[in-house]
2 protein chains.
Amino acid sequence: MKSDSSTQESATSSPRLTRNQQAVLDVLHQQADALSAQELHSLLREQQAIGLATVYRALETLKLHGLIKSRMGANGEALYSPVVSDQHYLTCLQCGQSFPLDHCPVQELETHLQPSVPFKVYYHTLEFFGLCEPCNHQIPQ
Amino acid sequence: MKSDSSTQESATSSPRLTRNQQAVLDVLHQQADALSAQELHSLLREQQAIGLATVYRALETLKLHGLIKSRMGANGEALYSPVVSDQHYLTCLQCGQSFPLDHCPVQELETHLQPSVPFKVYYHTLEFFGLCEPCNHQIPQ
DNA sequence: TGGGCGAATGATAATCATTCTCATTATACT
DNA sequence: AGTATAATGAGAATGATTATCATTCGCCCA
Ligand SMILES: [Mn+2]
Ligand SMILES: [Mn+2]
Ligand SMILES: [Zn+2]
Ligand SMILES: [Zn+2]
């Protein structure tokens with residue numbers, strides 16, 4: 001179970017990925033949940049030498065190629081995941097916990113989407129915010 | 001059309017807002033587009049003395065009360081808007097420009113939502129990412 | 001009406017994820 | 001091999017957001 005240098009298909013034509021970009025993408029594909037850049041860096045370091053800046057640059061490139069997406073974590077860090085994982089969450093505004101939805105409510109909407117401007121859609125983000133059961137009770141007032 | 005100190009109704013029971021929290025909320029209601037915390041601070045300063053920290057604290061409180069929501073701007077700053085404005089965007093991954101959608105595709109979905117866990121939903125965020133027409137051509141490869 | 005107290009505020013420092021710089025190294029191509 | 005170009009890493013810089021902490025405000029009640 002290692003370096004699948006096969007993870008390629010995407011929204012773009014033909015992404016020529018560097019070894020590091022491919023390594024980042026592979027780790028993201030191996031993980032069940034979204035990872036922060038720094039978590040990614042730690043995981044990658046277990047197998048090879050790589051700088052943090054390179055991880056950030058790889059993430060930027062992969063995102064521009066429509067291969068990965070990101071959402072904002074509770075503590076102000078971006079969480080990255082492959083575009084193919086169409087996963088959404090209920091997120092608590094108080095404690096930051098995220099509860100996964102069991103299916104995407106806008107899957108087919110994206111294809112039917114009729115933008116008023118020409119635009120090439122790679123992916124979407126959808127998230128519901130509110131209060132989880134415990135937090136809903138201990139809210140002041 | 002000015003300072004409605006009446007902007008109150010929300011998802012929560014009875015939000016007792018401070019003068020500053022109300023001022024922040026009022027400015028957000030007056031603006032057509034989402035504002036960053038620092039833009040808000042500048043606008044508020046035109047009418048009254050208020051510290052930047054207070055603006056951030058007001059935003060946090062208003063968010064916890066389900067009165068406002070935020071999305072990540074292109075340059076790493078959070079953009080705040082009232083929850084009542086159900087507006088979504090196509091955002092370009094390359095240049096950061098945002099193009100508004102003309103209607104929300106998940107409006108009624110939110111009410112029908114059947115979470116696997118008890119959860120009080122205040123609002124949702126939905127955004128489509130990709131490349132705008134100009135950027136789609138000048139992408140390397 | 002004045003005192004007391006907890007919440008709110010503001011100035012400022014601290015935090016910390018992300019980005020920038022720049023010297024070095026790998027890669028592609030002839 | 002030799003050169004041009006892109007990628008990399010270490011570390012410094014950036015900048016939005018948070019934490020501190022001393023001061024002030026709003027509010028209740030004797
Ligand atoms: Mn989806
Ligand atoms: Mn909506
Ligand atoms: Zn919670
Ligand atoms: Zn663009």
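The chains referred to below are lettered A, B, ... by the order of the sequence lines, with proteins before strands, and numbering in each begins at 1.
Residues passing the salt bridge (charged side-chain N to carboxylate O under 4.0 Å, His left out) test with B:Arg57, sequence neighbours excluded: none. Scored by the ring pair (Phe, Tyr, Trp, His ring centres under 6.0 Å) test, A:Phe129 finds B:Tyr123 as partners (sequence neighbours excluded). By the salt bridge (charged side-chain N to carboxylate O under 4.0 Å, His left out) test, B:Glu39 is found to be paired with no residue, residues two or more places apart in sequence or in another chain being considered. Not counting sequence neighbours, B:Gln31 has no partner by the side chain to side chain donor-acceptor pair (under 3.5 Å) test. Residues satisfying the side chain to side chain donor-acceptor pair (under 3.5 Å) criterion with B:Thr61, sequence neighbours excluded, are absent altogether. Applying the side chain to side chain donor-acceptor pair (under 3.5 Å) criterion to B:Thr91, with sequence neighbours excluded, gives B:Ser98, B:Glu127. For B:Asp86, the side chain to side chain donor-acceptor pair (under 3.5 Å) test picks out B:His88, B:Gln107, B:His124, with sequence neighbours left out. Judged as a salt bridge (charged side-chain N to carboxylate O under 4.0 Å, His left out), and not counting sequence neighbours, B:Glu77 has no contacts.
Atom pair A:Gln21:CD and D:dT8:C1' shows a separation of 11 Å (rounding to whole Å applied). For the pair B:Arg57 CZ and C:dG10 C1', the computed distance is 7 Å after rounding to whole Å. Atom-to-atom, CG of A:Leu17 to C1' of D:dT8 comes out at 16 Å; the value is rounded to the nearest Å. Regarding A:Leu52, its CG atom lies at a distance of 12 Å from the C1' atom of D:dT8, rounded to whole Å. Atom CG in A:Leu64 sits about 12 Å away from atom P in D:dA7, given to the nearest Å. Per the geometry, NZ belonging to B:Lys63 stands 14 Å off C1' belonging to D:dT18, to the nearest Å. The distance between atom CD of A:Glu60 and atom P of C:dT18, rounded to the nearest whole Å, is 12 Å. Atom CG in B:Leu59 sits about 12 Å away from atom P in C:dT9, given to the nearest Å.
Within the structure, salt bridge (Lys or Arg N to Asp or Glu O under 4.0 Å) pairs that include any residue of residues 99-108 of chain A do not occur (at least two apart or interchain).
Using a 4.0 Å heavy-atom criterion, one finds that A:Asn75 contacts no nucleic acid atom at all.
Within the cation-pi definition used here (under 6.0 Å to the ring centroid, within 45° of the axis), B:Arg71 qualifies as a partner of B:Tyr89.
Of the candidate nucleotides D:dT17, C:dG10, D:dG9, D:dT17 has the atom lying nearest to any side-chain atom of B:Tyr56. Side-chain proximity of B:Thr18 to D:dG9, C:dA8, C:dT19: nearest is C:dA8. The side chain of B:Ile50 lies closest to C:dG10, out of D:dA16, C:dT18, C:dG10. Among the nucleotides D:dG9, C:dG10, D:dT8, the one closest to any side-chain atom of A:Ala53 is D:dG9. Among C:dC20, D:dA16, C:dT12, the nucleotide with an atom closest to any side-chain atom of B:Glu77 is D:dA16. Here the side chain of B:Arg45 is nearest to one of D:dA10, C:dA8, C:dA11, namely C:dA11. Residue A:Ala78 places its side chain closer to C:dT18 than to any other of C:dT9, D:dT17, C:dT18.
For the residue pair B:Ser70/B:Lys63, the side-chain donor-acceptor check at 3.5 Å is satisfied. Under the 3.5 Å distance criterion, with hydrogens and angles disregarded, no donor-acceptor pair is assigned to the side chains of B:Asp26 and B:Gln30.
The terminal axes of the helix from C:dT1-D:dA30 to C:dT30-D:dA1, fitted over 5 pairs per end, subtend an angle of 30° to the nearest 10°.
Near DNA chain D, defined here as any heavy-atom distance below 4.0 Å, there are no residues from residues 34-42 of chain A.
The phosphate of C:dT9 (OP1 or OP2) has a side-chain N or O of B:Asn20 nearer than 4.0 angstrom.
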Polar atom pairs (N or O), protein with nucleotides 22-27 of chain D, under 3.5 Å:
{"from": "D:dG26", "atom 1": "OP1", "to": "B:Arg19", "atom 2": "NH2", "distance (Å)": "2.3"}

